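From a predicted model like this one, the values you see are computed outputs, not experimental measurements. Residue numbering restarts at 1 for every chain, and letters A, B, ... go by the order of the sequence lines.
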Amino acid sequence: MTERPDPAVVDILRNARFLKGISAEDLDKLAAIATLEPIKAETVLFQEGAPCDRLYVVASGLIGLDMCMPRRGCIRILTVGEGELLGWSALVGRAAMSARATVLEAGTLVAFSAKQLEDLCDRDHDVGYAIMRQISHALLKRLLATRLQMLDMFGQSSNGAATDRTQDTTTP
Amino acid sequence: MSTVSVACDPRNPWLARRARIQRITSETPGVATYDLVLDVPPQAGSFSFRPGQFNMLYLPGVGEVAISISGSAADQTVIPHTIRQAGNVTRALAELSPGATIGLRGPFGTSWPDEDCAGRDVLLIAGGIGLAPLRPVIYDLLDRRDEIGELTLLYGTRSPDSLLYAREYDDWKARGLDVHVTVDRSDATWKGNVGVVTVLLDRLPLPRPEQTIVMTCGPEVMMWYAIQSALQHGIPAASMSVSLERHMNCAIGLCGHCQLGPEFLCKDGPVFRYDRVAPILKVDDL
Amino acid sequence: MTVDVTSSPPFLMPPEGLQALIEQLARLGYHVIGPTIDQDAITYQPIDSTDDLPRGWTDVQEAGRYRLERRDDEAYFGYVVGPHSWKQYLFPPHAVLATADRTEDGWQMQTPDDDPPRFAFLGVRACELAAIAVQDRVFTGGPYVDPIYQQRRDAAFIVAVNCTLAAPTCFCTSMGTGPRCTSGFDLALTETADGFIVEAGSDAGTDLLDRLPVRRATPEELEGAEAARQQAVDQIERSMPTEGLRDLLLNNLEHPHWKDVAERCLSCTNCTMVCPTCFCSTVTEVADLTGDHVERHRQWDSCFNIDFSYMNGGVVRNDIRSRFRQWLTHKLASWHDQFDTSGCVGCGRCITWCPVGIDLTEEVAAIAGAPQRTQPADTVRESAP
């Protein structure tokens, strides 16, 4: 952990949509416990079921989240991109990562140790409250997106607009 | 934004003109584009429409179906329609070959506000087959790319094999359309975005929301949430347009089938400014 | 073409003149349609003599109830309106719109020969004149004109009749459509003890008057006619609150009362069939056995039919609640947005012919009495972060 926050890290955090609404002062506190990690394509960041001890904000790049099961194999349920949160189980869950994360496009992650972040939030409740509020909002959006995926809106009985307004015809 | 063009024989708006299928292009599973040409003088080879409008395609003995025109409005000869097989008429259409004749009435309905885009940023959000009614807008705006600010397409479909017009994306990108694509369900080879198209919106910088025009077409639930997200980003409700869908039977506002609240989708729509229809979009079973 | 009613002097025609009127119309080539008793109701059908008219009969109507009873006089027009309206002649329940024939060059589409009779309508009430005016806007007032309606309408000759009584189900006064006939007719009759007071409302009407046994009406005869017409006004029982009605209904689309009505409504479509302004239809294909000759047929339909809103794998209005709401909000609210007028003329047919006696004046009063909203509902928005 560095004494003064790395300005590059501060910059990235300031621009991260996930952290919008957090004060500059609190951002500095976060930056102080964050590290930048470059990621290469095809690297596995963490496995489904692995213990959660780190969480990330994606500065750039694209990460695919997969869930695996016997016979069906591994299914990509979501991709996480710039400005989005990754590995939130680490802060609010504490059991195991709920998906395998694979890097699809190289980039940079801002990484936090879950323990250090938790300690920071326990010590400084203002920061803690701000972080939790941001995480809640991010989860709300992800929940909505997941539900939309579940609705299967492009499935058989629903189509996109305007290209199939079929009428019932009566056969004589 | 839109004008209703009186497109039928003024003596009988129920009468279809003859059109010939010039070419059929297979797009994705169950979806093909039919290029039609009007067959009979004096309209032979001459047809004009505004992006967002639709035709009633008529298969005698089977029925009519409303299909958005999916080609460039600059081409007055060939009229492309991208059609998904879903019911009686579209399935019968899929049995036809180039050279076959069908009936055509139109163009009907309101159009996208592509004429209001000069000097503004434009965001197109499409889902599934909803990209088809927006393609005429893409063609129009790319034809005058230097008049437009940022030009972005967000497009989502069920799976990678249902991405419509994928062959054209590189050309569109080269001409200045920023294309972002996502799928609900991945497959073994897909390396791109997985998730709903509304998530892509949150990743956009959107530097001038008050100067951004949004046009969206896809399942109603997708359009709704895309718009809610756009509103949160500060894009005004009056700058957004949707394309709605109901059962079409006559296309000329006389049969009553296509009503949604006070709107006849065939003549007051299918393209609406969002603030006009916002109050009725979320009323169940309207 | 229309003549100012107030400037054309009213005439008196003796009762025998009615037969002369029918004969003159037939001589001029009109197919005369008038009220006649059929299946225990007064309906509109082709007639050729006053013997066909329901002379001495009246109708007794209430919600869900219609009976004929004998009057104690021999009035020709001593009743109001029955299950028929004139829309079945101007907007026929079944019509061929276009044909398609398979030829060597491909499909050949054509407009069919439409040679309808020229109708003369005898006995059109004020509410029905208003209904015809409403349908004029629907079928001929927009960007697309229906040639079938236009042709029949242009050729029609209208003999209106001023009501001298009202049924309990009538509410034309609330809707501003009657009971006095003021325009939209060629001739208008008021039946009195002395005979018929006749007014011309057009050049065609004036011309016809010249061929009828009429003389100038005396002031006493005119007073008698006025008193007779006033009876109709005095007998009106029901009312519809029209002030702010459009907004009231469109602001209350989620009102719990819609569910109450749905529990009674059978979705039987009677109301839409008897309503003189309802215009919903469906176009279907009819092919011959070879499949080489095809016709596009239009038939009356109803928003109460369960598949009326069918679309790609599902029905949008999947319960009676949503279909009843569609009918009533269209008729009394959306119609204003679409056609700049109410869709309801206060004829009361829907009340009479509803098998369970649903009364739209009551249903509106229930929502007006306890509205959920007086302002439009906001859209739902996710709160900003």
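Side-chain N/O atoms of B:Asp285 and C:Gln326 include no donor and acceptor closer than 3.5 Å. One side chain, B:Gln259 or C:Gln338, offers a donor N or O that lies under 3.5 Å from an acceptor on the other. Between the side chains of B:Asn12 and C:Thr111, at least one donor-acceptor pair of N or O atoms lies under 3.5 Å. Checking B:His247 against C:Ser309 by side-chain atom types alone, no donor-acceptor pair falls below 3.5 Å.
Proximity to chain B (any heavy atom under 4.5 Å) is shown, for C:Arg323, by neither the backbone nor the side chain. Proximity to chain C is absent for every atom of B:Tyr225, based on heavy atoms less than 4.5 angstrom apart. For chain B, the nearby part of C:Val145 is the backbone; its heavy atoms alone come within less than 4.5 Å. Heavy atoms closer than 4.5 Å to chain B are found nowhere in C:Tyr149, neither backbone nor side chain. In this structure, the portion of B:Ile102 lying under 4.5 Å from any heavy atom of chain C is its backbone and not its side chain. Residue C:Asp292: no heavy atom, backbone or side chain, is found under 4.5 Å from chain B. Using a 4.5 Å cut-off between heavy atoms, B:Leu59 contacts chain C through its backbone alone, with no side-chain atom that close.
The environment of C:Glu243 atom CD is sparse: at most 12 non-hydrogen atoms of other residues, nucleotides or ligands sit within 6.0 angstrom. Within a 6.0 Å radius of CZ in C:Arg264, more than 12 heavy atoms belonging to other residues, nucleotides or ligands are found.
When C:Asp146, C:Thr329, C:Val138 are compared by the number of non-hydrogen pairs under 4.5 Å with chain B, C:Asp146 comes out ahead. Comparing C:Ala98, C:Cys303, C:Ser322 by heavy-atom pairs within less than 4.5 Å of chain B, the highest count is held by C:Ser322. When each of C:Gly142, C:Ala100, C:Ser281 is scored by its heavy-atom pairs under 4.5 Å with chain B, the top score falls to C:Ser281.
Summarising the geometry, atom CG belonging to B:Asp284 is positioned 7.5 Å from atom CZ belonging to C:Arg321; distances are rounded to the nearest 0.5 Å. For the atom pair CG (C:Asp105) and OG1 (B:Thr101), the distance works out to 9.0 Å, reported to the nearest 0.5 Å. Separating the CG atom in B:Leu254 from the CZ atom in C:Phe91 is a distance of 8.5 Å, to the nearest 0.5 Å. The line from SG of B:Cys255 to CD of C:Gln299 is 13.0 Å long, rounded to the nearest 0.5 Å. C:Thr99 OG1 to B:Trp14 CH2: the interatomic distance, rounded to the nearest 0.5 Å, is 15.0 Å.
When side chains are defined from C-beta on, B:Leu286 does not count as touching C:Arg317, because their heavy atoms never get closer than 4.5 Å. Side chains of B:Glu64 and C:Val283 form no contact here, defined as non-hydrogen atoms less than 4.5 Å apart. Counting only heavy atoms from C-beta outward, the side chains of C:Met311 and B:Met248 never approach each other to under 4.5 Å. Between C:Glu254 and B:Val283 the shortest side-chain heavy-atom distance falls below 4.5 Å. Taking the side chain as every heavy atom from C-beta outward, B:Tyr58 and C:Val294 approach each other to under 4.5 Å.
For the pair B:His257 (side chain) and C:Phe308 (backbone), a donor-acceptor distance under 3.5 Å is present. With hydrogens and angles ignored, the 3.5 Å screen pairs no side-chain donor or acceptor of B:Arg18 with any backbone N or O of C:Gln108.
Contact record, B:Gly256 with C:Phe279: N-CE1, 4.4 Å, taken as the closest heavy-atom pair. Among all heavy-atom pairs drawn from C:Gln110 and B:Leu15, the shortest one is C-CD1, 3.3 Å.
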ask   = Do C:Glu285 and B:Val62 pass the side chain to side chain contact (heavy atoms under 4.5 Å, CB included) test, and can you show the C-alpha distance, the side-chain angles, and the key distance before you say yes or no?
value = CA-CA 6 Å; C:Glu285 290 296 284; B:Val62 189; 5.6 Å; no
